[in-house]
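Reviewing the structure listed below.
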Amino acid sequence: MPSRLAGCTRVSEHFVCLLDPSERVTAWARDAERLTGHGADDVIGRPFADLFLVFPHAPANDAHASDGHAGVFVRHDGLHLCVRVRRHALSGAGRDADLPVTVAISRDHPGAQAESSLRATLDAVPDGIALFDAGLGLSHHNARFDALAGLAENLLKPGVAAGTMLTALTGTAWSVREPAWPLVPEGWSAETLRLGRMVALSWVALQDGRFLLLCRDVTDLRRLENRARFLEQHDDLTGLANRQGLQRQLGALCEASEPFAMLYFDLFGFKRVNDSMGHAAGDELLRIAALRVRRAVGGGDVAAHIRGNKFALIVRSERGEPAIRRFARMLRSVLSRPMSVLRNEVTVGVAIGVVRFATDGEDRETLMAKADVALHCAKGGSDDGICFYDPELDTLRRRRMDLERDLHRALANEEFVLYYQPFLNVRSGRIVGVETLIRWLHPQQGLIPPADFIPVAERMGLMHEIGAWTLETACRQAMEWPDDIMVSINVSAAQFRHDGLVDNVETALQRTGCPPSRLELEITETAMIDDVPRAALVLTRLREKGVQIALDDFGTGYSSLSFLHSLPFTRIKIDRSFINDLHEGNGDGAAIVRAITSLCGSLNVVATAEGVETQEQFDYLKGVNCSEVQGFLISRPCPPEQIRPFLDGINQPGTLPGLLPAG
């Protein structure tokens with residue numbers, strides 16, 4: 001024996017495994033797993049020689065020697081074991097050995113004797129095995145077979161016919177119809193339920209005329225496979241179909257040419273919950289929404305959770321646009337009801353895009369694409385949050401895609417320009433500041449208003465860069481005007497939520513030399529409502545630097561009054577919708593304006609009315625002590641080169657407000 005045996009570990013234990021004729025492992029006992037460190041899942045199906053590095057290797061004519069092959073087995077953890085490998089064929093001998101082959105590895109000194117018999121070997125195999133003689137009578141079965149098969153005692157006695165046992169196991173009659181035909185076809189296998197467990201059966205014919213019935217418990221394996229198949233088509237969080245499952249259902253329905261509609265919808269407010277309350281809250285919201293969707297659908301309908309806050313619903317139970325629209329409205333109502341999420345009451349909004357087969361498309365790819373177009377329309381301001389696909393939407397979508405493409409280069413090409421609309425102090429009759437309004441001077445389309453491109457820029461994540469450019473440009477241009485003229489700049493929701501806003505303001509002031517007191521930032525309530533504590537921190541930092549803060553569109557949000565007490569505003573801008581509703585001082589708008597101006601006076605905050613277009617509106621606002629006004633009556637938005645002449649004219653003593661045409 002080579003010297004490498006001198007330091008190996010000797011322990012009198014052994015295990016048995018099962019090989020096929022190609023020397024691949026087919027069965028693995030628990031003792032084998034314990035002694036070698038290899039699990040059954042890692043071993044079964046692999047070549048025996050790859051798993052056991054025995055030195056020296058057995059000569060070709062010695063592999064099936066009766067006394068085995070002695071050597072050193074190096075375990076995967078580095079431990080060297082003295083072993084003797086013995087192959088015991090169930091039929092045949094040497095190279096002609098038929099399957100299965102048992103291999104006994106003894107952790108013992110090379111000269112140890114190993115008791116190995118066929119029945120002892122079968123009993124050590126972890127799978128159930130029944131051995132039948134050439135006449136198909138039962139000659140032996142191991143304990144594992146008894147436990148898995150669950151057969152009556154009289155069916156396990158020696159000599160019981162294989163056909164009788166197979167009939168009991170499978171519920172199918174087994175008999176030899178002609179003498180030349182085998183009882184069981186070659187390669188036969190089946191699965192059957194025994195004692196609540198799924199059992200796999202296979203039949204093996206040996207060369208010496210005997211037969212093996214192998215029995216393996218595959219319950220856990222099938223359960224895992226079923227779970228894997230379910231997850232291929234379903235979302236694990238909600239239990240609804242996933243994108244792949246939705247596509248499969250769509251494909252099947254399109255092939256069947258049955259009419260149906262698909263509702264594609266988003267939940268607004270999910271991101272706010274997810275970000276402010278944590279992912280657990282977001283997951284809980286999705287589960288509640290999925291449950292409500294599941295309860296709303298009919299028996300033949302299919303609900304799916306695509307990703308994030310996006311869902312889809314295949315509706316087969318409704319016919320015609322009116323019925324589908326009623327169903328969509330009901331779904332919006334159900335999903336918009338308050339939800340209890342981690343003991344907090346939250347609400348979400350819903351936008352729904354609708355496509356119909358085969359009106360809008362005859363294949364799933366077309367329907368999915370057009371559903372997305374319809375959903376985008378619904379999110380863009382549909383009256384009831386529901387939009388049915390229309391071919392015109394494709395034209396709008398192409399325009400939007402062109403707009404997105406052009407926006408990427410607009411900053412680099414310096415295509416943005418700033419316009420300014422003055423606001424006037426009612427008491428003094430002087431212009432005290434201007435609001436900055438960005439425009440896009442498109443090379444082909446001309447001047448594009450902000451309402452047409454700002455939402456697109458926000459979706460593309462460009463508002464931080466656009467906002468930084470606007471800040472610096474407006475501050476630089478303001479330095480060309482009188483020192484008492486303030487420049488007010490709108491801050492979008494996306495820009496306000498960006499962590500770099502304060503740094504951008506500091507950079508703009510430093511580069512332009514503009515005093516902080518001449519800069520005002522206009523922020524809407526919707527930009528702050530998602531995270532009021534953070535908003536308070538950001539606004540306080542800006543106020544500490546001397547920057548003025550205006551609350552834009554006051555009165556149109558949900559909690560503006562509480563904002564006045566918790567956030568450091570220096571100006572309140574009264575939304576133009578209330579100014580339009582003044583009705584000679586008798587409408588609801590007039591009452592709201594009176595209340596706001598009175599409140600601002602009590603809080604020592606400047607009140608500025610937007611959208612003032614008539615002398616009657618101006619006179620009423622002056623009568624209720626509104627501090628400042630802004631609108632077409634004073635001036636339309638104009639380019640920066642017209643601001644200085646306008647200021648020089650209107651801010652002269654005795655000059656009355658006049659209308660300035662747009663430049």
Side-chain angles (χ1 to χ4, degrees), residues 230-250 260-318 323-355 367-368 371-389 459 526 529-531 558:
F230 178 83
L231 292 179
E232 285 180 0
Q233 305 289 334
H234 294 80
D235 172 52
D236 191 33
L237 176 65
T238 64
L240 303 181
N242 57 17
R243 186 180 187 87
Q244 183 175 343
L246 175 68
Q247 290 178 329
R248 184 178 65 82
Q249 294 279 358
L250 279 175
F260 65 89
M262 182 170 71
L263 281 62
Y264 212 50
F265 54 99
D266 271 0
L267 304 181
F268 298 111
F270 166 74
K271 187 177 186 302
R272 168 172 50 83
V273 172
N274 207 49
D275 292 346
S276 62
M277 299 173 60
H279 293 299
D283 289 349
E284 180 66 12
L285 188 154
L286 293 176
R287 280 190 289 265
I288 295 173
L291 179 61
R292 293 183 179 183
V293 170
R294 191 179 291 111
R295 289 173 175 172
V297 301
D301 301 339
V302 179
H305 176 218
I306 307 303
R307 67 179 183 277
N309 64 335
K310 192 179 294 295
F311 290 78
L313 183 58
I314 299 175
V315 180
R316 304 171 64 187
S317 54
E318 302 293 345
I324 295 171
R325 185 175 290 276
R326 285 194 299 270
F327 178 83
R329 287 173 176 166
M330 179 274 293
L331 184 64
R332 288 191 75 235
S333 175
V334 167
L335 292 174
S336 299
R337 292 201 305 264
M339 305 179 185
S340 178
V341 176
L342 302 185
R343 300 180 181 178
N344 293 284
E345 185 176 283
V346 300
T347 56
V348 295
V350 185
I352 302 177
V354 183
V355 292
L367 290 171
M368 291 284 286
D372 192 58
V373 173
L375 174 59
H376 195 276
C377 166
K379 292 161 62 175
S382 173
D383 291 340
D384 58 358
I386 301 169
C387 180
F388 281 70
Y389 174 80
R459 288 196 302 269
T526 55
I529 196 170
D530 286 347
D531 193 347
Y558 296 101

Can you see which heavy atom on Cys387 is nearest to which on Cys377, and at what distance?
SG-SG, 2.6 Å
Val355 versus Ala371, closest heavy-atom pair with distance:
CG1-N, 3.4 Å
Evaluate Tyr389 against Val373 for side chain to side chain contact (heavy atoms under 4.5 Å, CB included), listing each step before the verdict.
CA-CA 7 Å; Tyr389 174 80; Val373 173; 4.2 Å; yes
With Val273 as partner, the option from Leu285, Asn344, Val348 fulfilling side-chain contact (heavy atoms from CB on, under 4.5 Å) is Leu285
Any chance you could measure Leu286, atom CG, to Asn309, atom CG, to the nearest 0.5 Å?
8.0 Å
Minimum side-chain heavy-atom gap Met368-Asp372 below 4.5 Å:
no
Let me confirm one number: the OG-CZ distance from Ser333 to Arg292, rounded to the nearest 0.5 Å.
9.5 Å
Please name the pair of heavy atoms, one in Ile386 and one in Ala328, separated by the smallest distance, quoted to 0.1 Å.
CD1-CB, 3.6 Å
Given the rule in the side chain to side chain contact (heavy atoms under 4.5 Å, CB included) test, do Val334 and Arg295 qualify, once you have shown the distances and angles that lead to the verdict?
CA-CA 10 Å; Val334 167; Arg295 289 173 175 172; over 6 Å; no
Is there a side-chain contact between Met262 and Gln249, using heavy atoms and a 4.5 Å cut-off?
no
Going by distance alone, is a donor N or O of one side chain under 3.5 Å from an acceptor N or O of the other, for His305 and Asn242?
no
Contact summary for Phe265 and Leu375, nearest pair of heavy atoms:
CA-CD1, 4.0 Å
Quick check for you: to the nearest 0.5 Å, what is the distance between Glu345 atom CD and Arg337 atom CZ?
12.0 Å
Do the charged groups of Lys310 and Asp266 touch, with an N to O distance under 4.0 Å?
yes
dist Thr347:OG1 -> Phe268:CZ (nearest 0.5 Å) comes out at 13.0 Å
Starting from the C-alpha separation in whole Å, work towards a yes-or-no answer on side chain to side chain contact (heavy atoms under 4.5 Å, CB included) for Leu263 and Phe311.
CA-CA 8 Å; Leu263 281 62; Phe311 290 78; over 6 Å; no
What's the separation between atom CD1 in Ile352 and atom NZ in Lys379, rounded to the nearest 0.5 Å?
13.0 Å
Heavy atoms, side chains only, cut-off 4.5 Å: are His279 and Asn274 in contact?
yes
Residues that Arg248 engages under salt bridge (charged side-chain N to carboxylate O under 4.0 Å, His left out), provided they are two or more places apart:
none
Please identify which of these residues, Asp301, Leu246, Val297, Leu367, meets the side-chain contact (heavy atoms from CB on, under 4.5 Å) condition with Ile314.
Leu246
Non-hydrogen atoms of Ala303 and Leu240 that approach each other most closely:
O-CB, 3.6 Å
Using atom types as modelled and distance alone, determine if a side-chain donor or acceptor of Arg325 lies under 3.5 Å from a backbone N or O of Phe388.
no
Looking only at non-hydrogen atoms, find the nearest pair between Ala289 and Leu335 and report the distance.
O-CD2, 3.7 Å
